[in-house]
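See structure below.
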Amino acid sequence: MAAPLQPPPDPQFVLRGVQSAVNALHFCRESQAQGSSLLFSGSQSGLVHIWNLQTRRAVTILDGHGGQSVTWLQSLPQGSQLLSQGRDLQLCLWDLAEGRNAIVDSVHLESVGFCKSSILADGQPYWMLAVPGKDTDEVQILEMPSKTSVCTLKPEADAKPGMPMCLRLWQANFSTRPLLLAGYEDGSVALWDISERKVCSQVSCHEEPVMGLDFDSQKARGVSGSAGKALAVWSLDGQPSLQVCSTHELTNPGIAEVTIRPDHKLLATAGWDHRVRVFHWKTMKPLAVLGFHSASVHCVAFAANGLLAAGSKDQRISVWSLYRPRDSATPFLGESEVGGRHFTAA
């Protein structure tokens, strides 16, 4: 007989002290952490906390958004620089090198929506930034750090996808053409060719607005979640054309964010039902439902070492160690073996 399934474990630890809802999380790259593992969190009160995960304490608090909610965080690959986006319509660039915590540049945003920005950077001095545009259905593409406008992506007149809700810049291997995936208010996901300023493909994935998406460029496969119950998995062929591969209905509606682990083995979702769900990314087999939080989970983030962090309206950040990344030559066990235990999913 198979071994009985056990409940998921508790978080490895919990970070407290934010004193407002946690809306954004981002793990620092190992090369930038200078020997200690760092986690950035953005709060509804406009603060960015930098957490040392060894001491489990906030080592720095950044205050640059005038008390307005921080909705997105992203570090740059070159040097100790951090981007923070706030509801104050500012996207701030922070210099965190050698203990500094200064805003060295900013981009004024013209959209009051909740759409998070996206970057395309490979360590070069120049990088690309996608932000919500002035009109409600537009996306603005900028070259940074000069803030030069590359283009404005606007749907055709007869297309009415509504507001962009989430963005993902990427570039195919051996290609110099930047592409943008955008999830829209009408539940569709569109692939934009930035060089051509046109939509290559668009597919209807959800009946409700797309709240979050992520893309695995190695497998040319992505996932999106919405205000509804369904997770949609879609792929991109060589045309390029988007196609819905499968949908996976959850128990309760509302997915605030989806993220694929850097090793492309796991997928995690942040749920309005207070739950974090973990899936095997290749098969979409449900592996675990993590039920620690007492309010909506707004954000989830993976570290390169496999740690999973979740931020919630309950003002807490839970940090989990569930499935250690395996060497790429070793098959991943989709049966959710963790330290000799098996645990249930729902």
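When a residue number appears, it is its place in the shown sequence, counting from 1.
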Verify side chain to side chain contact (heavy atoms under 4.5 Å, CB included) between Leu91 and Ser84, making sure each step is shown before the conclusion. CA-CA 6 Å; Leu91 193 152; Ser84 65; over 6 Å; no

Might you work through the side chain to side chain donor-acceptor pair (under 3.5 Å) test for Ser246 and His248, ending with a clear yes or no? CA-CA 7 Å; Ser246 60; His248 304 267; 3.0 Å; yes

Show your working on side chain to side chain contact (heavy atoms under 4.5 Å, CB included) between Thr269 and Val278 and close with a plain yes or no. CA-CA 7 Å; Thr269 67; Val278 182; over 6 Å; no

Side chain to side chain donor-acceptor pair (under 3.5 Å) evaluation trace for Thr71 with Ser69: CA-CA 6 Å; Thr71 58; Ser69 179; over 6 Å; no

Run the side chain to side chain contact (heavy atoms under 4.5 Å, CB included) check on Val300 and Val276 step by step: do they pass? CA-CA 8 Å; Val300 284; Val276 175; 4.2 Å; yes

Step by step, would you call Leu308 with Val319 a side chain to side chain contact (heavy atoms under 4.5 Å, CB included)? CA-CA 6 Å; Leu308 169 65; Val319 181; over 6 Å; no

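Listed by first and then second residue, the ring-ring contact (aromatic ring centres under 6.0 Å, His included) pairs involving residues 81-116 amount to none (not counting sequence neighbours). For residues 155-166, no pair satisfies side-chain hydrogen bond (donor to acceptor under 3.5 Å, both in side chains), with sequence neighbours left out.
In this structure, CG in Leu191 is found 7.5 Å from CG in Asp193, a value given to the nearest 0.5 Å. Separation of atoms CD (Glu257) and SG (Cys299) is listed at 6.0 Å; rounding is to 0.5 Å. In this structure, CG in Leu180 is found 9.0 Å from SG in Cys151, a value given to the nearest 0.5 Å. Between the CG atom of Leu307 and the CG atom of Leu39 there is a distance of 9.5 Å, given to the nearest 0.5 Å. One finds the OG atom of Ser75 at 10.0 Å from the CD atom of Gln81 (value rounded to the nearest 0.5 Å). How far OG of Ser106 is from CD of Gln85: 12.5 Å, rounded to the nearest 0.5 Å.
In this structure, Lys265 does not pair ionically with Asp263, as no charged nitrogen and carboxylate oxygen lie closer than 4.0 Å. A salt bridge does not link Glu208 with Lys229: every distance from a Lys NZ or Arg NE/NH1/NH2 to an Asp or Glu carboxylate oxygen is 4.0 Å or more. Using a 4.0 Å cut-off between charged nitrogen and carboxylate oxygen, Arg100 and Glu98 count as a salt-bridge pair.
The side-chain contact (heavy atoms from CB on, under 4.5 Å) check on Asp137 picks up Asp135, Lys154, Pro155, with sequence neighbours excluded. Residues meeting the ring-ring contact (aromatic ring centres under 6.0 Å, His included) test with Phe302, sequence neighbours left out: none. In this structure Asp314 satisfies the side-chain contact (heavy atoms from CB on, under 4.5 Å) test together with His293, Ser294, Ala295, Ser312, Arg316, sequence neighbours excluded. In this structure, the side-chain contact (heavy atoms from CB on, under 4.5 Å) partners of Ser188, at least two apart in sequence or on a different chain, are Pro161, Tyr184, Asp186, Gln202. With sequence neighbours excluded, the residues satisfying side-chain contact (heavy atoms from CB on, under 4.5 Å) with Tyr126 are Glu143, Pro145. With sequence neighbours excluded, no residue satisfies salt bridge (Lys or Arg N to Asp or Glu O under 4.0 Å) with Asp63. Residues satisfying the ring-ring contact (aromatic ring centres under 6.0 Å, His included) criterion with Trp51, sequence neighbours excluded, are His49. Shown here are the side-chain hydrogen bond (donor to acceptor under 3.5 Å, both in side chains) partners of Gln218, two or more places apart in sequence or in another chain: His264. Looking at residues two or more places apart in sequence or on another chain, you find a salt bridge (Lys or Arg N to Asp or Glu O under 4.0 Å) between Arg168 and Asp214.
A heavy-atom distance below 4.5 Å is found between the side chains of Ile194 and Met128. Looking at Val297 and Asp273, their side chains never come closer than 4.5 Å, going by heavy atoms from C-beta outward. Side-chain contact between Arg56 and Leu15 is present, with heavy atoms from C-beta onward closer than 4.5 Å. Between Asp105 and Lys147, some side-chain heavy-atom pair lies under the 4.5 Å cut-off. Residues Ser195 and Pro178 form a side-chain contact, since some pair of their non-hydrogen atoms from C-beta on lies under 4.5 Å apart. Counting only heavy atoms from C-beta outward, the side chains of Trp127 and Leu120 never approach each other to under 4.5 Å. Side-chain contact check for Val139 versus Trp192: every heavy-atom pair is 4.5 Å or farther apart. Annotation: side chain of Ser118 is not in contact with side chain of Cys166 (no heavy-atom distance under 4.5 Å).
Residues Leu267 and Leu287 are members of separate hydrophobic clusters, defined by side-chain heavy-atom contacts under 4.5 angstrom among Ile, Leu, Val, Met, Phe, Trp and Tyr. Residue Val70 is grouped with residue Leu62 when hydrophobic side chains (ILVMFWY) are merged at heavy-atom distances under 4.5 angstrom, including chains of intermediate members. At a threshold of 4.5 Å between side-chain heavy atoms, the hydrophobic network of Ile, Leu, Val, Met, Phe, Trp and Tyr places Phe279 and Val289 in two separate groups. Val150 and Leu179 fall into different hydrophobic clusters, where Ile, Leu, Val, Met, Phe, Trp and Tyr residues are linked whenever their side-chain heavy atoms come under 4.5 Å apart, directly or through other members. Both Val107 and Leu83 are members of a single hydrophobic cluster when ILVMFWY side chains are connected at heavy-atom separations under 4.5 Å.
For Ser117 against Val131, the heavy-atom pair with the smallest separation is OG-CG1, 3.4 Å. Contact record, His298 with Ala21: CE1-CB, 4.1 Å, taken as the closest heavy-atom pair. Here the shortest heavy-atom pairing between Gly311 and Leu25 reads N-CD1, 3.3 Å.
Side-chain N/O atoms of Ser37 and Gln54 include no donor and acceptor closer than 3.5 Å. Using modelled atom types, one finds no donor on one side chain facing an acceptor on the other under 3.5 Å when comparing Asn101 with Thr60. Side-chain contact annotation: Ser43 with Ser45, donor-acceptor N/O pair under 3.5 Å present.
Classified by interplanar angle (parallel below 30°, tilted 30° to 60°, perpendicular above 60°), the ring pair Trp320/Phe292 is perpendicular.
Within 6.0 Å of CD in Gln12 there are more than 12 heavy atoms belonging to other residues, nucleotides or ligands. The 12-atom threshold is not exceeded at CZ of Arg57, counting heavy atoms of other residues, nucleotides or ligands nearer than 6.0 Å.
Between Thr152 and the choices Glu138, Arg197, Lys134, the side-chain contact (heavy atoms from CB on, under 4.5 Å) rule is met once, by Glu138.
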Review item, side-chain donor-acceptor pairs of residues 230-239, under 3.5 Å, at least two apart:
unit_1 : atom_1 : unit_2 : atom_2 : d
Trp234 : NE1    : Ser224 : OG     : 3.0
Asp237 : OD1    : Gln239 : N      : 3.0
Asp237 : OD1    : Ser241 : N      : 2.8

